[in-house]
Amino acid sequence: MARWLFKSEPATWSFQQQLEAGEKGTFWNGVRNHLAKKHMMAMKAGDLGFFYHSNEDKAIIGVVEVIKPYYPDHTDETGKFGMVDVRAVKPLKEKVSLAQIKAEPRLANMVLVNNSRLSVQPVTGEEWRIVMELAGEADRAEK
DNA sequence: GCCAACGTTGGC
DNA sequence: GCCAACGTTGGC
């Protein structure tokens, strides 16, 4: 199963709102970047992702699950981009800040560190485990 | 609020 | 098809 990271400005769409959207989840639209699109096209229902708050928080705050694979984004008038549906799984016990991630040598290769502007990013299994560890979710880290 | 990094656009 | 100019994002 693949792992991802979804990035959002909490002022636009926060994890709190994602939680309130409940089991049915919501579509993750507004992506207008081809690399991010490529990642979304690779997603499958059941894939898990981190929910990252940019700007105010600068921290990974929760876990989401992809519940519907890539389909066209009707809000994109060019017709080039699409979106996936995600639902909140749970908030992390402790959120993991960007500063923590940067301070962790084993996470030096995370896309978040190297290409922070990319809004949808792949996360390796190892990175997932380490972030879960930092979040105090070590028991959940096992695959 | 500033600025670096990156993507996109448009002139040639 | 190249590349400079411009706009946007996001960390600080």
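In what follows, every heavy atom counts, from backbone to side chain, and hydrogens, waters and symmetry copies are set aside.
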A/N33, nearest nucleotide to its side chain (from B/dG7, C/dG10, C/dC12): B/dG7
Whole-Å distance, A/L35 CG to C/dT9 C1', equals 15 Å
Can you tell me how far P of C/dG10 sits from CG of A/D57, to the nearest Å? 14 Å
What's A/L118 touching, base or sugar-phosphate or nothing? Going by heavy atoms closer than 4.0 Å. nothing
Can you check whether A/K7 has a side-chain N or O nearer than 4.0 Å to OP1 or OP2 of C/dG11? no
Atom pair distance, as rounded to whole Å: CG in A/L112 and P in C/dC12: 10 Å
Closer than 4.0 Å, any side-chain N/O of A/H34 to the OP1 or OP2 of B/dT8? yes
Whole-Å distance separating the CD1 atom of A/I101 from the P atom of C/dG11: 10 Å
Test of understanding: with side-chain contact (heavy atoms from CB on, under 4.5 Å), list the residues that count as partners of A/K102, not counting sequence neighbours. A/L98, A/V113
Can you check the A/K37 NZ to B/dT8 P distance for me, whole Å? 11 Å
Indicate, with yes or no, if the rings of A/F6 and A/W13 have centres closer together than 6.0 Å. no
With a 4.0 Å cut-off, would you call A/E133 and A/R106 a salt bridge? yes
What is the distance from CZ of A/F81 to P of B/dG7, rounded to the nearest Å? 12 Å
Establish, with yes or no, whether the OP1 or OP2 oxygen of C/dT9 is under 4.0 angstrom from a side-chain nitrogen or oxygen of A/Y52. no
For A/R117 and B/dA5, give me the distance from atom CZ to atom C1', rounded to whole Å. 6 Å
Cationic N near anionic O, under 4.0 Å, A/K95 to A/D57: yes
Rounded to whole Å, how long is the line connecting atom CZ of A/R32 with atom P of B/dG7? 17 Å
